[in-house]
Number of protein chains: 2
Amino acid sequence: MTAQRRGLGTNQEAVRRHNLGTVLRHVHGAGQISRAQLTALMGLNRSTIADLVLELESLGVVEQTVPSGVRSGAGRPSAGVRLAGVGPYVVAVDLGVDRAVVARVALGGEVVERAAAPIPVGGGEAWQVGSTVAGLIRRVVEGAPAAAPLLGVGISVPGLVRRSDGLVRLAPNLEWQDVSFGAIVLAALGVDVPVQLANDADLGALAEHRRGAGVGIDDLIYISGNVGVGAGVITGGVRLEGAGGYAGEVGHLPFAPEGRLCHCGNIGCWETEVGAHAIAAAIGCPESDVVTLGDVLDEYAGPHRALGATGKALGYGLASIVNAFNPRLVVLGGYLSSLYALVRHEVDDALAERALPAPLESVTLSLPGLGSDSVLLGAAEIALEPLFADPVAALGTALVDVGARLAG
Amino acid sequence: MTAQRRGLGTNQEAVRRHNLGTVLRHVHGAGQISRAQLTALMGLNRSTIADLVLELESLGVVEQTVPSGVRSGAGRPSAGVRLAGVGPYVVAVDLGVDRAVVARVALGGEVVERAAAPIPVGGGEAWQVGSTVAGLIRRVVEGAPAAAPLLGVGISVPGLVRRSDGLVRLAPNLEWQDVSFGAIVLAALGVDVPVQLANDADLGALAEHRRGAGVGIDDLIYISGNVGVGAGVITGGVRLEGAGGYAGEVGHLPFAPEGRLCHCGNIGCWETEVGAHAIAAAIGCPESDVVTLGDVLDEYAGPHRALGATGKALGYGLASIVNAFNPRLVVLGGYLSSLYALVRHEVDDALAERALPAPLESVTLSLPGLGSDSVLLGAAEIALEPLFADPVAALGTALVDVGARLAG
DNA sequence: CGCCTTTCGTTCACCCGCACAACAAATCCG
DNA sequence: CGGATTTGTTGTGCGGGTGAACGAAAGGCG
């Protein structure tokens with residue numbers, strides 16, 4: 001990955017950076033990998049890999065293990081490389097519409113500790129939410145080894161996030177507009193660590209691509225059903241961001257010009273058919289339960305007919321998305337995974353009916369491979385990104401002894 | 001550009017390749033550039049740039065010039081680097097629905113020679129078209145200096161092209177399905193050169209990004225109006241291809257569920273509103289002139305009202321595209337540029353009405369900076385791509401003395 | 001059970017390619 | 001005309017990946 005900044009030349013420091021980062025990326029992805037595999041994957045010399053691993057070991061991010069018992073043919077067994085026991089970690093924040101989930105995530109993607117708290121419906125003031133989140137962060141960071149460096153915080157937001165500076169331009173369900181949530185959380189924490197913000201669907205896509213149902217698939221879309229509907233797009237193995245970072249707003253694709261009024265001001269947006277409010281209305285679920293629609297759907301035992309039209313609408317909308325982006329995989333996240341389990345047939349049929357044959361033949365619908373943690377783990381991934389871009393620099397600026405610093 | 005193949009390591013040969021290619025890319029883009037500018041742009045040392053330029057000079061692709069007369073401040077004037085007089089070239093083919101345009105294009109993007117021929121309406125047999133194209137290629141190559149190497153052929157196709165092998169999966173207006181047009185042209189030519197095929201809108205986007213209205217803009221969309229309607233997407237400076245290469249098929253986004261039947265089998269696709277047939281019907285233009293709708297529109301003097309609804313439909317569709325891809329620039333190509341000139345106001349208004357505020361605020365609509373040559377020049381660009389990825393290898397395998405070889 | 005084969009780790013010499021410093025050259029400016 | 005500025009040129013240095021040689025650790029086979 002890491003396309004070099006276009007137009008720039010490459011010097012040898014950049015080579016070292018890139019190779020160190022790539023080794024680390026592989027270890028992060030596989031958890032445990034042999035040096036022999038690394039040479040094969042990266043196409044570098046044995047001795048080079050040895051040196052790279054040695055440097056990462058001296059940085060305290062990986063450990064070498066004696067050859068694992070698992071054998072594979074003849075020859076001397078290769079030394080293993082795995083993540084260090086007390087290695088760097090990040091804090092991931094999944095800001096939902098009704099609650100915030102915060103986790104300490106180790107390099108490697110394991111959720112070591114997690115905490116959650118409700119958010120007042122309608123979001124509440126941003127500084128209030130920021131204070132809640134800061135409290136959760138303190139809690140999950142508390143138990144971390146003092147020697148372990150904190151690399152940064154990744155925050156998922158259910159709304160439009162400007163990529164240049166992480167400003168939350170619009171989060172309808174939190175009733176936020178132009179909120180600098182990263183700064184708010186940092187202020188509440190009282191420390192200065194790198195903070196990355198991004199849209200929830202984008203992060204769901206990233207996580208499913210790196211560690212979920214989309215491993216090895218370079219073109220995938222994650223559709224997030226989370227009151228509103230949005231899409232995160234991975235194309236060519238890279239996040240599709242768009243000029244401002246707002247790409248993937250598929251909730252307002254036109255669907256039924258004679259349909260319902262959407263909160264965006266138009267009529268018949270896709271979201272008015274497959275959004276949480278629409279589905280709640282279809283199955284007679286009270287407004288107050290809309291934010292937990294996934295759970296409601298999981299326990300739904302009403303007439304199948306009530307959801308048939310919704311399934312069809314989902315499939316039709318997916319057809320547009322498949323035509324426009326030509327993904328190999330579409331992951332249905334949030335309550336859409338629950339919905340898909342109920343009306344799979346209608347969705348598949350509607351998709352097949354409206355999508356063009358060529359993009360249709362290579363696409364698969366699937367449930368998230370990471371369950372309901374896709375978005376949370378995606379937040380961890382963006383926080384880890386600087387580490388892969390330049391391990392030495394990222395570890396150099398990382399915060400150690402975080403527990404003590406946050407005590408105040 | 002040239003993201004390294006992900007997961008791979010970088011060795012020093014790759015560094016040299018990348019740097020040579022990047023220098024060449026800059027010369028290709030600017031036509032004439034000083035070594036001092038190259039050092040600034042690429043962030044490399046003066047001596048390194050000098051060496052790179054020297055190597056490119058010895059490869060015969062660039063020439064160094066005495067400092068140009070144009071001065072800029074104090075200091076010793078920097079030596080210029082420009083394209084070699086007898087440098088490498090490519091053949092670009094723009095396969096339209098009614099005619100094929102073929103050009104010999106030099107490194108630097110200049111069309112040195114061009115030729116065109118009509119194609120029977122409905123496409124005709126692929127081998128027939130291939131033979132026509134081969135004849136045009138012979139004609140434009142004839143005048144090339146014998147010493148100049150031919151790097152390859154780039155072909156634009158108005159349809160879905162599979163990116164893995166260049167197979168034309170579907171070209172509705174040529175009535176082709178699963179045609180291996182690259183192989184057909186090569187067979188008709190009787191020589192073996194690298195051939196690249198791609199969708200016309202994708203190539204329009206590429207050309208406008210590299211040499212047209214979108215220079216310096218990393219997120220843009222080119223909408224091609226060419227009987228059907230398609231989009232080519234550049235995102236993050238890279239072509240959005242999708243899993244199979246079919247990304248950008250926006251012609252069949254749903255628009256009016258109660259609308260007209262589309263040839264794809266659905267009802268009310270966007271294309272049924274803004275496609276050439278729909279516009280022709282709206283202005284009372286005979287079916288036979290549909291393929292030259294752009295010219296018809298340029299001379300259109302009928303009532304403005306007849307096109308108002310079409311303009312609105314165009315704007316609404318663009319809003320969906322802006323929401324989904326968040327481009328900074330949308331270039332309206334083909335007959336859409338003529339249409340836009342007539343109903344700019346309706347289009348702008350409709351776009352502003354339906355697009356979300358955040359992506360809307362940074363987007364601009366524009367006409368092609370390359371006129372009607374966008375697609376043709378895009379075909380040249382893909383044929384040049386291997387040269388930038390690895391100048392030494394590309395020139396090593398390039399064909400010289402092509403005129404003589406093609407004589408038979 | 002011993003030996004061969006295979007695969008991998010380790011070491012060291014090598015080389016490629018970029019950086020850097022020093023000096024010369026060319027231009028602008030006061 | 002001389003200093004300041006910017007660039008070209010040259011030679012040296014160094015980082016870092018390569019490759020060969022050798023030893024080590026396994027499996028396989030007679």
Side-chain angles (χ1 to χ4, degrees), chain A residues 4 8-23 32-59 62-82 390-393, chain B residues 4 8-23 32-59 62-82 390-393:
Chain A
Q4 324 225 3
L8 249 65
T10 307
N11 56 23
Q12 54 213 8
E13 300 167 46
V15 170
R16 187 66 171 185
R17 263 201 306 276
H18 175 256
N19 286 345
L20 274 177
T22 305
V23 169
Q32 160 92 21
I33 192 171
S34 74
R35 270 164 51 181
Q37 285 175 287
L38 285 171
T39 62
L41 285 169
M42 295 180 56
L44 298 181
N45 196 285
R46 284 209 298 269
S47 41
T48 307
I49 295 291
D51 195 50
L52 289 167
V53 170
L54 200 71
E55 181 163 352
L56 289 176
E57 199 172 17
S58 79
L59 286 171
V62 304
E63 294 172 347
Q64 297 206 51
T65 69
V66 291
S68 68
V70 200
R71 305 283 335 110
S72 61
R76 175 175 175 171
S78 184
V81 183
R82 69 167 176 223
D390 188 346
V392 179
Chain B
Q4 324 225 2
L8 249 66
T10 308
N11 55 21
Q12 52 212 10
E13 300 167 47
V15 170
R16 186 66 169 184
R17 264 202 304 275
H18 175 255
N19 287 346
L20 275 177
T22 305
V23 169
Q32 160 92 20
I33 192 170
S34 76
R35 268 164 51 181
Q37 284 174 288
L38 284 171
T39 62
L41 286 169
M42 294 181 57
L44 298 180
N45 194 280
R46 287 210 295 272
S47 43
T48 306
I49 295 292
D51 194 52
L52 289 167
V53 170
L54 201 70
E55 181 163 352
L56 288 177
E57 200 173 15
S58 79
L59 285 172
V62 305
E63 295 172 347
Q64 296 207 52
T65 68
V66 290
S68 68
V70 199
R71 305 286 333 113
S72 61
R76 174 174 176 172
S78 184
V81 183
R82 71 168 175 221
D390 188 346
V392 178

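Only a predicted model underlies this, so the values are computations on that prediction, with no experimental measurement involved. Residue numbers start from 1 in every chain, and the chains themselves are labelled A, B, ... in the order their sequence lines are given, proteins ahead of strands.
With sequence neighbours excluded, no residue forms a side chain to side chain donor-acceptor pair (under 3.5 Å) with B:N11. Every residue was checked against the side chain to side chain donor-acceptor pair (under 3.5 Å) condition with B:T48, not counting sequence neighbours, and none meets it. B:D51 meets the side chain to side chain donor-acceptor pair (under 3.5 Å) test with B:R16; sequence neighbours excluded. B:R35 pairs by the side-chain contact (heavy atoms from CB on, under 4.5 Å) definition with B:I49, B:A50, B:V53, B:Q64, B:S78, B:A79, B:V81, not counting sequence neighbours.
Between the CD atom of B:Q32 and the CD atom of B:E63 there is a distance of 10.0 Å, given to the nearest 0.5 Å.
Within the 4.5 Å cutoff, no side-chain heavy atoms of A:L52 are placed close to those of A:L38.
The phosphate of D:dG8 (OP1 or OP2) has a side-chain N or O of B:S78 nearer than 4.0 angstrom. Taking side-chain N and O atoms only, A:S34 has no distance below 4.0 Å to OP1 or OP2 of C:dC8.
For the pair B:L38 CG and D:dT7 C1', the interatomic distance rounds to 13 Å; values are reported in whole Å. Between B:Q37 atom CD and D:dT7 atom C1' there is a gap of 13 Å when expressed in whole angstrom units. One atom, CD1 of B:I49, and another, P of D:dT6, lie 18 Å apart when rounded to the nearest Å. To the nearest angstrom, C1' of C:dC18 lies 15 Å from NE2 of B:H18.
One N or O on the side chain of A:N19 and one on the backbone of B:T10 form a donor-acceptor pair closer than 3.5 Å. Under a 3.5 Å cut-off, the side chain of A:Q37 and the backbone N or O of A:S34 do form a donor-acceptor pair.
Across the helix from C:dC1-D:dG30 to C:dG30-D:dC1, the helix axis at one end is tilted relative to the axis at the other end by 10° (nearest 10 degrees, each axis from five pairs).
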For nucleotides 9-19 of chain D, read 5' to 3', which letter fits each nucleotide if B means a protein heavy atom sits under 4.0 Å from the base, S means only the sugar-phosphate is that close, and - means neither?
BB----BBSBB
